[in-house]
Amino acid sequence: MSSFDDSDAFEGASLSARAMAARPAPYLDGLNPAQRQAVETLDGPVLMLAGAGTGKTRALTARIAHLLARGQARTNEVLAVTFTNKAAREMKERVGRLMGQTVEGMPWMGTFHSISVKILRRHAELVGLKSNFTILDTDDQIRLMKQIIAAANIDEKRWPARQLAGLIDNWKNRAWGPEQVPSAEASAFNNVGTELYAAYQARLLTLNACDFGDLLLHVVTIFQNHPDVLEQYQRWFRYILVDEYQDTNVAQYLWLRLLAAKHKNICCVGDDDQSIYGWRGAEVGNILRFEKDFPGAQVIRLEQNYRSTEHILAAASGLISANAGRLGKTLWTEAEGGEKVRLIGHWDGEEEARWIGEEAEAIQRGTRGMEPHSLDDQAILVRASHQMRAFEDRFLTIGLPYRVIGGPRFYERLEIRDAMAYFRLAVSPDDDLAFERVVNTPKRGLGEKAQQTIQRQAREDGVSLLEGARYAVTSGQIGGKGGAQLRAFVENIDRWHQAISQRPRPAFSSATDAPSIIPGSDEAWTALEPDDFVDSDDGAVLEDESLVNLGGYSPLNHVRLAETILDEAGYTAMWQNDKTPEAPGRLENLKELVKALESFDNLQGFLEHVSLIMDNDSEDAEEKITIMTLHAAKGLEFPVVFLPGWEDGLFPSQRSMDESGLRGLEEERRLAYVGITRAEELCTISFAGNRRVYGQWQSQLPSRFIDELPAKHVEVLTPPGLYGGGYGAAGMTAGIEDRAARADVYNSPGWKRLQERSQTRPVSQPREARNVVIDLDAVSAFTEGDRVFHQKFGYGFVEGIEGDKLEVAFDKAGTKHVVASFIVSADAADDIPF
DNA sequence: GGTTCCCGCATTTTT
DNA sequence: TGCGGGAACC
């Protein structure tokens with residue numbers, strides 16, 4: 001077992017074989033003492049308090065490798081939980097790399113939700129569902145809520161469905177069923193919140209569906225009401241690991257505590273200082289209470305930071321120390337010196353964007369006294385997404401390439417959701433929500449009236465909308481053009497469904513395929529082993545059978561079936577005929593969707609794991625600066641980071657403070673902490689004196705967080721003209737209100753603070769541009785044929801050397817020219833903490 | 001049944 | 001200021 005999957009390429013096969021024998025635990029190499037302790041303390045509850053950039057993923061994956069290598073647990077006895085699919089995938093990859101290729105995929109490594117689905121499918125009956133239940137996304141949820149609200153005769157204007165959805169989500173996060181909502185909250189939503197909640201849950205059961213919150217809540221309910229079932233899982237999961245523990249909500253906490261109660265081998269990794277999801281139910285309290293919840297817990301602190309320079313770290317630490325009720329950590333680094341955190345004020349938001357654009361280009365050219373940094377290495381992190389606009393506008397004007405992370409996710413887009421609804425109908429024709437969504441998309445002449453007829457018919461007969469529609473057509477209730485089109489629609493669904501049903505399906509993927517064991521029955525249940533629990537996606541594989549002969553479609557695999565569905569539905573044509581500018585993009589997205597299907601064995605598996613396609617970070621050839629929110633940046637790092645908009649009300653956000661008071665403010669501060677600690681080498685904080693808010697000019701005060709930055713780690717860059725009588729032209733043309741605003745700003749404590757701070761150097765003069773040194777040392781470390789690693793492009797071989805650049809053929813990203821200093825030799829790659 | 005117009009509203013986001 | 005949703009209008 002080697003920690004390098006490509007070791008032969010640079011180490012020599014015979015050597016590595018010998019080395020393996022001599023070093024039984026290569027995954028321990030290079031760990032610092034704290035990390036090592038975190039890896040080797042296997043039994044009992046452990047809280048790994050891992051500060052930003054301290055290599056926690058490394059410790060976590062090494063811990064799993066250690067568990068497996070020592071034979072403490074088999075791969076299926078380790079439960080490893082993350083929040084995002086991305087994190088789960090990365091963990092799988094890294095454990096695989098540590099253990100070598102021999103390790104089979106770990107069936108219980110995944111998100112809270114995906115693991116819950118797996119458990120829930122087995123015991124669905126225990127909460128009144130069938131095991132082939134569908135999972136609703138937010139959109140379906142809202143549509144359902146609307147129906148519920150309408151049915152209750154409540155004015156939807158005063159009581160919007162969104163709000164109800166949010167409320168119910170919140171309750172679910174706190175693990176409250178309709179009956180458990182405390183009376184203090186009962187007045188919510190026009191005094192009928194809990195009634196609507198109950199109605200919603202009832203409706204979900206009739207639809208054989210559940211929402212995201214239910215996935216966890218149902219599992220908790222099952223565990224609480226069926227000790228036999230719980231006991232089985234407790235036995236299986238000998239070791240439990242949890243990533244980002246500070247983000248867990250009450251439901252997740254209960255879920256974990258129930259599962260860990262037997263073996264008590266639970267290792268939670270997190271950082272209370274990076275808890276930024278309180279607004280969606282995360283309880284910092286979970287991590288603060290850990291030692292009480294799990295008596296005898298060992299707390300291990302990872303405090304050596306491998307990411308940022310001294311100044312950046314000190315500035316962040318100083319800031320976060322203003323928060324009360326922390327577990328407390330002292331981050332330190334061996335990296336000395338570096339640039340101080342830079343602070344700059346601007347006249348308005350546009351100037352701020354202009355300045356950052358120029359600065360990014362300067363840094364790219366290497367005229368800022370540091371080694372040049374590609375735009376790929378630079379990021380602008382904002383509090384709220386509307387702040388991105390100013391940057392996009394500016395960058396489009398000057399032609400600075402940028403990429404925006406976030407925004408509407410791939411699978412949330414209209415066309416993707418429509419297509420998914422078609423697929424859902426093909427897989428389960430009784431999916432009423434999907435039916436509703438696309439019955440008249442593209443237009444089939446089925447308006448409100450026709451749809452009501454279908455609904456009424458379905459209700460009367462107690463059948464699905466599809467069956468209701470079928471009857472409405474045959475009985476002549478819906479005739480004419482619409483009727484004919486509806487008939488065709490129904491027939492299409494029948495045919496698609498048939499095409500799918502005739503194909504072999506993996507075991508466990510639906511009720512009809514479920515094993516003969518009745519989940520919940522003691523006897524049968526105890527007979528099951530963890531291994532019997534096959535993943536529906538990587539379990540039974542169709543292999544050669546993926547091409548099947550079918551009447552009407554032959555041969556046909558699920559990818560082609562998907563294309564056929566969209567074509568036959570007229571959906572593709574709908575966008576082809578659409579002349580709006582976004583139509584081509586939508587067709588592109590559909591193509592991408594179909595392409596994403598290729599990596600699945602069938603449509604069912606795809607629908608189950610649809611969320612996987614959302615991170616379709618296509619490797620861009622062109623280098624771009626990244627713009628994203630602070631929330632989205634958690635877990636990432638960039639050599640150069642810009643943090644604009646540090647103004648009171650914007651950051652910290654007024655709304656946060658209004659709604660959650662001190663708690664809200666502290667969470668904002670943690671967000672600021674997360675922002676600063678994303679930076680490796682250069683961090684620039686900025687604010688503007690004036691900003692357009694909803695079209696209105698507003699004068700802004702510098703953020704209180706700026707005050708909290710320790711002065712000796714901050715360098716104030718003075719904006720041009722600050723001393724020399726205002727902002728010149730800008731001030732002259734800005735109009736009376738703006739001049740008044742400026743006066744305000746000048747008199748504000750913030751500006752005074754700023755002026756006091758800018759004691760030493762008026763940095764408006766760009767610092768002396770040092771010569772761009774071509775780092776020949778970096779180049780000379782490599783020769784052609786070397787196996788190397790790049791943080792972004794992964795592994796590759798050196799193909800040539802040109803100046804300070806290397807031509808590298810990357811395994812995945814293709815051949816690229818990269819600055820040598822961005823490259824490490826592949827054997828050093830594992831020492832990079834992520 | 002489809003289009004257009006107007007009003008209200010406006011963080012952060014994963015599953 | 002700009003977007004989305006609902007209502008009114010064609």
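Since we're looking at a predicted model, the values are computed, not measured. Chain A is the first sequence line, chain B the second, and so forth, proteins listed ahead of strands; every chain is numbered from 1.
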Participant: In terms of the nearest nucleotide of DNA chain B, which residue is placed more toward the 5' end: A:S385 or A:K449?
Facilitator: A:K449

Participant: Given the C1' atoms of C:dG6 and B:dT11, what is the spacing between them in whole Å?
Facilitator: 25 Å

Participant: Quickly work out the A:Q246 CD to B:dT13 P distance and round it to whole Å.
Facilitator: 17 Å

Participant: Once you round it to whole Å, what is the distance between P of B:dT13 and NE2 of A:H386?
Facilitator: 11 Å

Participant: Does the A:D272 side chain pair with the main chain of A:R326, one donor and one acceptor, at a distance under 3.5 Å?
Facilitator: no

Participant: Base, sugar-phosphate alone, or nothing: which one does A:E668 contact when heavy atoms must sit under 4.0 Å apart?
Facilitator: base

Participant: Is the shortest side-chain N to carboxylate O distance from A:R670 to A:E667 below 4.0 Å?
Facilitator: yes

Participant: Rounded to whole Å, please give me the gap between CG in A:L643 and P in B:dT12.
Facilitator: 17 Å

Participant: Give A:R389 one of three labels, base, sugar-phosphate or nothing, depending on what nucleic acid heavy atoms sit under 4.0 Å from its own.
Facilitator: sugar-phosphate

Participant: Regarding A:G213, tell me which of base, sugar-phosphate or nothing describes its non-hydrogen contacts under 4.0 Å with the strands shown.
Facilitator: nothing

Participant: Separation of A:K481 atom NZ from B:dG1 atom P, in whole Å?
Facilitator: 13 Å

Participant: Quick one: list whatever passes side chain to side chain contact (heavy atoms under 4.5 Å, CB included) with A:D139, sequence neighbours left out.
Facilitator: A:D137, A:R417, A:R437

Participant: Whole Å only: how far is the CD atom of A:E244 from the C1' atom of B:dT15?
Facilitator: 15 Å

Participant: Quick check on the 6.0 Å ring-centre criterion: do A:Y253 and A:Y245 meet it?
Facilitator: no

Participant: Check the interface with nucleotides 6-10 of chain B: list each N/O to N/O pair with the protein under 3.5 Å, or write none.
Facilitator:
none

Participant: C:dG5 and B:dT12: how far apart are their P atoms, nearest whole angstrom?
Facilitator: 16 Å

Participant: Side chain of A:S656, backbone of A:S653: donor and acceptor closer than 3.5 Å?
Facilitator: no

Participant: Could you tell me whether the side chain of A:R383 has a donor or acceptor atom within less than 3.5 Å of a complementary atom in the base of B:dT12?
Facilitator: yes

Participant: Quick check: on DNA chain B, is the nucleotide nearest A:F83 upstream (toward 5') of the one nearest A:E659, or the reverse? Name the residue that is more 5'.
Facilitator: A:E659

Participant: In whole Å, I'd like the distance from the CZ atom of A:R143 to the P atom of C:dG4.
Facilitator: 18 Å

Participant: Inspect the contact between A:R691 and A:E647 and indicate whether a charged nitrogen and a carboxylate oxygen are less than 4.0 angstrom apart.
Facilitator: yes

Participant: Between A:R121 and A:F133, is NZ or CZ placed under 6.0 angstrom from the six-membered ring centre and within 45° of the ring axis?
Facilitator: yes

Participant: What nucleotide, of C:dG6, B:dT15, C:dT1, holds the atom closest to the side chain of A:K146?
Facilitator: C:dG6

Participant: Any chance you could lay out the side-chain contact (heavy atoms from CB on, under 4.5 Å) test for A:V284 and A:E666, step after step, and finish with the verdict?
Facilitator: CA-CA 11 Å; A:V284 214; A:E666 295 208 337; over 6 Å; no

Participant: If you only use heavy atoms from C-beta on, which nucleotide in B:dG2, C:dC3, B:dT11 is closest to the side chain of A:K443?
Facilitator: B:dG2

Participant: When you check the phosphate oxygens OP1 and OP2 of B:dT12, does a side-chain N or O of A:S656 lie under 4.0 Å from one of them?
Facilitator: no

Participant: With side-chain contact (heavy atoms from CB on, under 4.5 Å) as the test, would you mind laying out the steps for A:M91 and A:L60 before giving the verdict?
Facilitator: CA-CA 9 Å; A:M91 201 187 282; A:L60 197 51; 3.6 Å; yes

Participant: Base, sugar-phosphate alone, or nothing: which one does A:E667 contact when heavy atoms must sit under 4.0 Å apart?
Facilitator: nothing

Participant: Which residues, if any, of residues 271-284 of chain A bring a heavy atom under 4.0 Å of DNA chain B?
Facilitator: A:W279, A:R280

Participant: Does A:R203 qualify as a cation-pi partner of A:Y200, given the criterion of NZ or CZ under 6.0 Å from the six-membered ring centre and within 45 degrees of its axis?
Facilitator: no

Participant: Between A:R692 (CZ) and C:dG2 (P), how many Å, whole number?
Facilitator: 8 Å

Participant: Is A:L446 touching bases, backbone alone, or none of the nucleic acid, heavy atoms closer than 4.0 Å?
Facilitator: sugar-phosphate

Participant: Give the rounded distance in Å between these two atoms: CZ of A:R162 and C1' of B:dT13.
Facilitator: 13 Å

Participant: Counting only side-chain N and O atoms of A:T629, is one of them less than 4.0 Å from OP1 or OP2 of B:dT13?
Facilitator: yes

Participant: Any donor-acceptor pair under 3.5 Å linking the side-chain atoms of A:Q452 with those of A:Q457?
Facilitator: no

